[in-house]
Amino acid sequence: MNTSKTKDRYQIAVVPGDGIGKEVMEAAIYVLDALDIEFDYVYAEAGDECLEKNGTALPSETLDLIRNSDACLFGAAGETAADVIVKIRQEMRMFANLRPVKSYPNTNPLYDNIDFMIVRENTEGLYIAGEESYTDEGAVARRIITREAEERIIDYAFKYAKENNKNKVTGVHKANVLKKSDGLFKEIFYEVASRYPDIEAEDFYVDATAMYLITQPENFDVIVTTNLFGDILSDEGAGLVGGLGLIPSANIGEDGALFEPVHGSAPDIAGQNKANPIAMMLSAIMMLRYLGENEAAENFEAAILKVLNDANKLTGDLGGSATTMELAREVKNNLKN
Ligand code: NAI
Ligand code: MG
């Protein structure tokens, strides 16, 4: 991510999508608007409603807008999620999937001092379309590890650590069994690590990591890993800190960057103004950091933290009775100007 402010004005593609996507987006933009930054929001459609209305879940204008904007804020899609969000990631070659895992007060984390980032390779590994097929015996999937993609993601992780004052990067693999593919990952990991002498580098097997995340999560700073392992470990991370309403993510690539909560359109609570907007807000904060707007990001995050400290001001999923927009107003009132 960038660390210095790059522009005075930003164009943001805003794709609220379906269900609570629209509600949490409204809440996040309400707070963004109170920050001292010039944003030009350009709204675009995608998702189930868009499919019904326009015959496609992801119009090409939406893709073009994302490509031509400084960043994209995405709410959630419904049943069309695979055709929307997975396609955007592929089309925009968003190779890095970032999922922060952080414990906040009043949210029932397993520990109070968890704060690490999972940097997951998003373009290869076991998840490539077309690399899975039926055979006479059953089915087979090929797991692709290329030097180029792994070096790019590992370097991204070290750069992220350097720019965000993280002291250590942990490479996660299974090189004892997958000697060639993950052997290569491990080799590249230490090659890249040697270019960052100030950052500690260590590597663990993925199964051991799954355990250490439970027993000593405070020892992790930045984890970098391949596609499938990153998918699994990031959900384990979400479980560590508890609650879909709190987990943001970023997809960063050569042709664009998109910031979205991990949750979906939540049809069970949609339209009731009770969705927790914090995951969307934390995604917007990741966007601010990506744009180099670190001061605004810190201001926004501190305001959320103040609200989290008062259990009465939270939404139903966190045991409170506030509405989506009541929580947003509290956050806005806690910004310092
Ligand atoms: P979901 O994340 O929408 O909801 C799971 C549960 O968590 C529900 O009980 C919901 O009420 C609750 N929840 C989620 N976000 C919340 C929030 N911000 N505040 C309070 N409670 C929250 O996942 P589910 O139910 O599996 O999928 C619903 C729809 O969303 C499906 O159509 C699915 O395809 C889509 N989806 C889209 C994603 C995306 O656009 N990136 C990701 C995951 C699911
Ligand atoms: Mg997953």
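No hydrogens, no waters, no symmetry mates; every other heavy atom, side chains included, goes into these values. Order of appearance sets the numbers: ligands from 1, and atoms from 1 within every ligand.
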- Could you tell me whether the side chain of H173 reaches within less than 4.5 Å of the side chain of T226, counting heavy atoms only? no

- Item | Top protein contact for atom 32 (O) of ligand 1, by heavy-atom distance | E79 OE2, 2.6 Å

- Message: Looking only at protein heavy atoms, which one is nearest to atom 9 (O) of ligand 1, and what is the separation?
- Response: D268 OD2, 2.7 Å

- Item | Any protein heavy atom < 4.0 Å from atom 25 (O) of ligand 1 | no

- Query: Which atoms from ligand 1 have a heavy atom of A266 less than 4.0 Å away?
  - Reply: 3 (O), 10 (C), 11 (O)

- Query: Nearest protein heavy-atom contact for atom 23 (O) of ligand 1: which residue, which atom, what distance?
  - Reply: G264 N, 4.3 Å

- Below 4.0 angstrom from a heavy atom of F74, which ligand 1 atoms are there? Numbered from 1 as shown, please. 40 (O)

- Query: Nearest protein heavy atom to atom 22 (C) of ligand 1, by residue and atom, and its distance?
  - Reply: I269 CD1, 4.1 Å

- Query: Can you tell me which residue and heavy atom of the protein come closest to atom 14 (C) of ligand 1, and the distance to 0.1 Å?
  - Reply: H263 CB, 3.7 Å

- Message: Closer than 4.0 Å to some heavy atom of V262 - which atoms of ligand 1 meet that?
- Response: 42 (C)

- Task: Taking the side chain as every heavy atom from C-beta outward, state whether I252 and Y160 have any atom pair closer than 4.5 Å.
- Result: no

- Query: Heavy atom under 4.0 Å from ligand 1: found in E260's side chain, backbone, both, or neither?
  - Reply: side chain

- Query: Looking at atom 3 (O) of ligand 1, is any protein heavy atom nearer than 4.0 Å to it?
  - Reply: yes

- Query: If we ignore angles and hydrogens, is there a donor and acceptor under 3.5 Å between the side chains of S69 and Q11?
  - Reply: yes

- Heavy atoms from other residues, nucleotides or ligands near CD of E148 exceed 12 (cutoff 6.0 Å): no

- Please identify each residue that fulfils side-chain contact (heavy atoms from CB on, under 4.5 Å) with T315, with sequence neighbours left out. N276, P277, D317, L327

- Note on the structure: ligand 1 atoms nearer than 4.0 angstrom to some heavy atom of S265 are 3 (O), 29 (C), 30 (O)

- Judged by heavy atoms only, the candidate from A270, P277, G78 nearest atom 33 (C) of ligand 1 is G78

- Cation over ring, R195 on F158, under 6.0 Å and within 45°? no

- Query: When you look at CG of N68, are more than 12 heavy atoms from neighbouring residues, nucleotides or ligands closer to it than 6.0 Å?
  - Reply: yes

- Within 4.0 Å of some non-hydrogen atom of P267, the atoms of ligand 1 are 28 (C)

- Query: So does E187 pair up with R147, basic N to acidic O under 4.0 Å?
  - Reply: yes

- Query: With respect to atom 18 (N) of ligand 1, which of N276, T324, V24, I88 exhibits the smallest heavy-atom separation?
  - Reply: N276

- Query: Do we get R143 above F229's six-membered ring, with its NZ or CZ under 6.0 Å from the centre and within 45° of the axis?
  - Reply: yes

- Message: I'd like to know whether CD of E295 has more than 12 heavy-atom contacts from other residues, nucleotides or ligands below 6.0 angstrom.
- Response: no

- Item | Heavy-atom neighbours of E254 CD exceed 12 at 6.0 Å | yes

- With a 4.0 Å cut-off on heavy atoms, is A279 touching ligand 1? no

- Message: With heavy-atom distances below 4.0 Å as the criterion, list the atoms of ligand 1 near A275.
- Response: 19 (N)

- Query: Looking at I20, which atoms of ligand 1 are within less than 4.0 Å of one of its heavy atoms?
  - Reply: 15 (N), 16 (C), 17 (C), 18 (N)

- Item | Per-atom contacts of ligand 1 with L244, taking only distances under 4.0 Å to non-hydrogen atoms | 2 (O), 5 (C), 7 (O)

- Message: So R9 and D40, do their side chains get closer than 4.5 Å, heavy atoms only?
- Response: yes

- Provide, to 0.1 Å, the distance between atom 40 (O) of ligand 1 and the closest protein heavy atom, together with that atom's residue and name. A77 N, 2.8 Å

- So, for atom 35 (C) of ligand 1, does the protein have a heavy atom nearer than 4.0 Å? yes

- Salt bridge flag under 4.0 Å for residues E124 and R152: no

